Amino acid sequence: MQSVPVIKPNVFEIGMKPRKAIYINHPQVVPLIYTIDFNACVKCGLCVTACGPEKRAIDLNMQDEFIKVKVGTVILATGYDIFPIENKQEWGYKRYENVITSLEFERLICASGPTGGHLVRPSDGQTPMRVAFVLCAGSRDNTGIGKPYCSRFCCMYSLKHAHQIVEKIPGCVPYIFYMDIRSFGKMYEEFYYRIQNEGAKFIRGRVANILEDPKTKNLHVYADDTLLDRPVDMEVDLVVLAAAIEPKADTNRTRKLFGVSCSQDGWLLEAHPKLNPCGTTTAGVFLAGVCQGPKDIPDTVAQAEGAASAASIPIHMGEVELEPYFAQCIEEKCAGCGMCVNLCPYSALSLVEKNGRTVMQVTEAKCKGCGTCGGFCPGGAIWMQHFATPQIVAQIDAFLLGGEE
Amino acid sequence: MRSFSEVKSKMADNKEWKPKILGMVCNWCSYAGADLAGGGRIQYPPDVRIIRVMCTGRFDSLFVLKAFADGADGVLISGCHFGDCHYLEGNFKAAKRMFMVKRLMKSIGLDDRRFRMTFVSASEGAKWAAVITDVVKTINELGPSPITEFRK
């Protein structure tokens, strides 16, 4: 790695640290091996020489390949993106150097991060002594710019960040601007009290505006303290925005591959919010984690275990239970026209010779019971199990002719 | 003591005309959306009776004509959004059939606004309520079906 000439921003450290074209993504990566960024690599071959002729671990001529894997069940765990908080212009992210997101804060305070765990102001490298945390940054926002939902885990990690500041920088005061503190989990409320006792200041009110002092690069946070009912203008050294989360940009593409729908806010839709939170309406496709909706680590682990168990059921059963909804051909009525054969999206229908006549035949295992063939058949020769024409007509009649007049 | 039928006919006399609208909804999107509207206690007019089918592709043109012949004032078919069909493309085929039925209705002198196809996904409880409100409004404006009027 020492010999590699190409230097790029480290994506894992959100560009706050350089990395070579051959790199380890982050120290905890599993398996712990180097990877080459072929978009940056100039194929100089210095790394191959450094690796030596015995090991020969690097092959610069390897090609990307698509691997086909045949599977019976799929778990979607595609995660989330961070909401582009610069869209909320009043908070000045990307305009003011000392306004950072929680993820950047997380890297700065991390011992293996770009500063070795020393929290610094991006503008001058000084240690901040007053840090404002803006909660619900883009979450619970009905302006149309942000997200209407609660991102659920920002409260807790911001409390953790406040704790880390108090622990690492003596005399530093975290100011937390919040709407509501949603410390909903087991021992979470106790953690909230602990942070309060450690000296973090909580100000209940949404931050209206942040302005920068051009000389000192300090920031003025304007908010309305709704508990004291008075406006606040607080000068701080650093502002941390707890940005909302949003569905991955390619969610629509992914979900269409698997026939999964999404809810109004764009997260993937579970089969039932209470009774089937890991499943989807497509058999064999399961959901785990934030792709289904915002959730913190314990909830994600719980759902992942649920999805894994649900996905293993058909594997261990070795066979699949079919729904009793499938089409059947009424052979006496079937004229063998074959119009239905092309309508079937599952190729479950075919024409066969039976007793000297051409009739349609259903492969029940392939049929999912949508009824598209039954709705079309000009001869009424297709019997849809449980949604048969006489059954539907009886329902229509009951509504329009029977009962009430 | 008055008999049940007497009470019923008395009620029928007092009652002003209420539209009878048949809805056929698919199991995966609109039925679930209607369920969500109910679960969310969203209010909407009670004039649409829904029949559940697995897919809007199941709807036979004859069901719609049968409903109108039986005296329905309107028919609503509601399924998944295009591209979201649980059975890949059932709603496309239903839409094709819907246009065919609409043409037929026009040519027999039945206002084709009485028959509508909408797309409500499983997460759109509020949209379901809006759709029903709008369908009922349209049918109320159009008045009773001419087929029932002729029968009198």
Side-chain angles (χ1 to χ4, degrees), chain A residues 252 255-256 259-274 280-283 293 323 325-327 340 342-346 348 367-378 380 382 384-389 391-405, chain B residues 5 8-9 11-12 15 18 20-24 26-29 32 35-36 39 48-64 66-73 75 80-81 83-94 96-97 121-127 148:
Chain A
N252 253 340
R255 74 182 184 84
K256 289 208 165 141
V260 176
S261 8
C262 66
S263 29
Q264 269 168 316
D265 38 22
W267 304 106
L268 296 178
L269 190 68
E270 65 283 356
H272 191 282
K274 287 176 183 164
T280 66
T281 48
T282 308
E323 295 285 348
Y325 319 121
F326 52 82
C340 50
N342 293 328
L343 280 177
C344 182
Y346 304 102
C367 176
K368 304 267 183 212
C370 65
T372 305
C373 55
F376 183 79
C377 182
I382 295 173
M384 284 309 308
Q385 286 275 43
H386 300 282
F387 292 92
T389 304
Q391 287 173 310
I392 292 176
V393 168
Q395 290 185 60
I396 298 173
D397 284 351
F399 166 39
L400 294 163
L401 300 177
E404 49 201 314
E405 255 305 309
Chain B
S5 58
K8 248 178 92 174
S9 66
M11 280 170 68
K15 208 167 61 178
K18 282 260 179 195
K20 282 186 160 186
I21 304 164
L22 176 78
M24 284 184 81
C26 89
N27 179 55
W28 304 100
C29 290
D35 198 19
L36 190 72
V48 179
R49 298 295 172 84
I50 60 172
I51 292 177
R52 179 176 70 104
V53 286
M54 292 310 276
C55 178
T56 47
R58 174 70 186 100
F59 109 78
D60 193 321
S61 319
L62 291 174
F63 294 158
V64 181
K66 168 83 173 133
F68 281 118
D70 282 357
D73 300 305
V75 175
C80 311
H81 291 275
D84 271 359
C85 178
H86 186 71
Y87 302 105
L88 311 175
E89 49 200 28
N91 51 359
F92 281 101
K93 286 155 188 165
K96 254 172 134 174
R97 240 168 269 163
S121 86
S123 60
E124 295 175 328
K127 187 183 171 189
T148 20

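The model shown is predicted, which means the values in this text are computed figures rather than measured ones. The sequence lines fix the lettering, A, B, ..., with proteins before strands; numbering per chain opens at 1.
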Checklist entry - Considering all heavy atoms of both residues, which atom of A/Thr372 and which atom of B/Lys93 are nearest to each other, and what is their separation? => result CG2-CD, 3.3 Å
Checklist entry - Of all heavy-atom pairs between B/Glu89 and A/Pro345, which one has the smallest distance, and what is that distance? => result OE2-CB, 4.1 Å
Checklist outcome for this item: Contacts of A/Ser261 meeting side chain to side chain donor-acceptor pair (under 3.5 Å) (sequence neighbours excluded), chain-then-number -> none
Next on the checklist: Report which part of A/Cys262 has an atom under 4.5 Å of a heavy atom belonging to chain B: side chain, backbone, both, or neither.
Outcome noted: backbone
Checklist outcome for this item: Interface check, chain A: of B/Gly39, B/Ala94, B/Ala67, B/Cys80, most non-hydrogen pairs under 4.5 Å belong to B/Ala67
Item to check | Separation of B/His86 NE2 from A/Thr280 OG1 (nearest 0.5 Å) | outcome: 8.5 Å
Item to check | Most contacts with chain A, counted as non-hydrogen pairs under 4.5 angstrom, among B/His81, B/Arg52, B/Lys127 | outcome: B/Arg52
Checklist outcome for this item: Here the pair of heavy atoms bringing A/Leu400 nearest to B/Gly71 is CD2-C, 4.2 Å
Item to check | Residues that B/Ala122 engages under side-chain contact (heavy atoms from CB on, under 4.5 Å), provided they are two or more places apart | outcome: A/Leu269, B/Ala32
Checklist entry - For B/Asp70, is it the side chain, the backbone, both, or neither that has a heavy atom closer than 4.5 Å to a heavy atom of chain A? => result both
Checklist entry - Is chain B contacted by the side chain of A/Asp397, its backbone, both, or neither, given a heavy-atom distance below 4.5 Å? => result both
Checklist entry - Given a strict heavy-atom distance threshold of 4.5 Å, which part of A/Phe387 is in contact with chain B: side chain, backbone, both, or neither? => result both
Checklist entry - To the nearest 0.5 Å, how far apart are CE in B/Met54 and CD in A/Gln385? => result 12.5 Å
Item to check | Selection from B/Leu36, B/Leu88, B/Ile51 maximising heavy-atom pairs under 4.5 Å formed with chain A | outcome: B/Ile51
Next on the checklist: Let me confirm one number: the CZ-CG distance from B/Phe92 to A/Leu343, rounded to the nearest 0.5 Å.
Outcome noted: 14.0 Å
Checklist entry - With chain A, which of B/Ala72, B/Ser61, B/Gly90 has the greatest number of heavy-atom pairs at distances under 4.5 Å? => result B/Ala72
Item to check | Most contacts with chain B, counted as non-hydrogen pairs under 4.5 angstrom, among A/Pro273, A/Cys377, A/Gly369 | outcome: A/Gly369
Item to check | Which portion of B/Phe63 sits near chain A, non-hydrogen atoms under 4.5 angstrom | outcome: both
Checklist entry - Hey, are the side chains of A/Ile392 and B/Phe59 touching, using non-hydrogen atoms and a 4.5 Å cut-off? => result no
Item to check | Pairwise distance CG(B/Asn27) to SG(A/Cys370) - rounded to 0.5 angstrom | outcome: 12.0 Å
Item to check | Expected output: side-chain B/Lys66 to main-chain A/Ile396 donor-acceptor under 3.5 Å | outcome: no
Checklist outcome for this item: Scored by heavy-atom pairs under 4.5 Å with chain B, the best of A/His386, A/Lys256, A/Gln264, A/Lys368 is A/Gln264
Item to check | Heavy-atom pair with the smallest gap, counting every atom of A/Tyr346 and B/Tyr87 | outcome: OH-CA, 3.2 Å
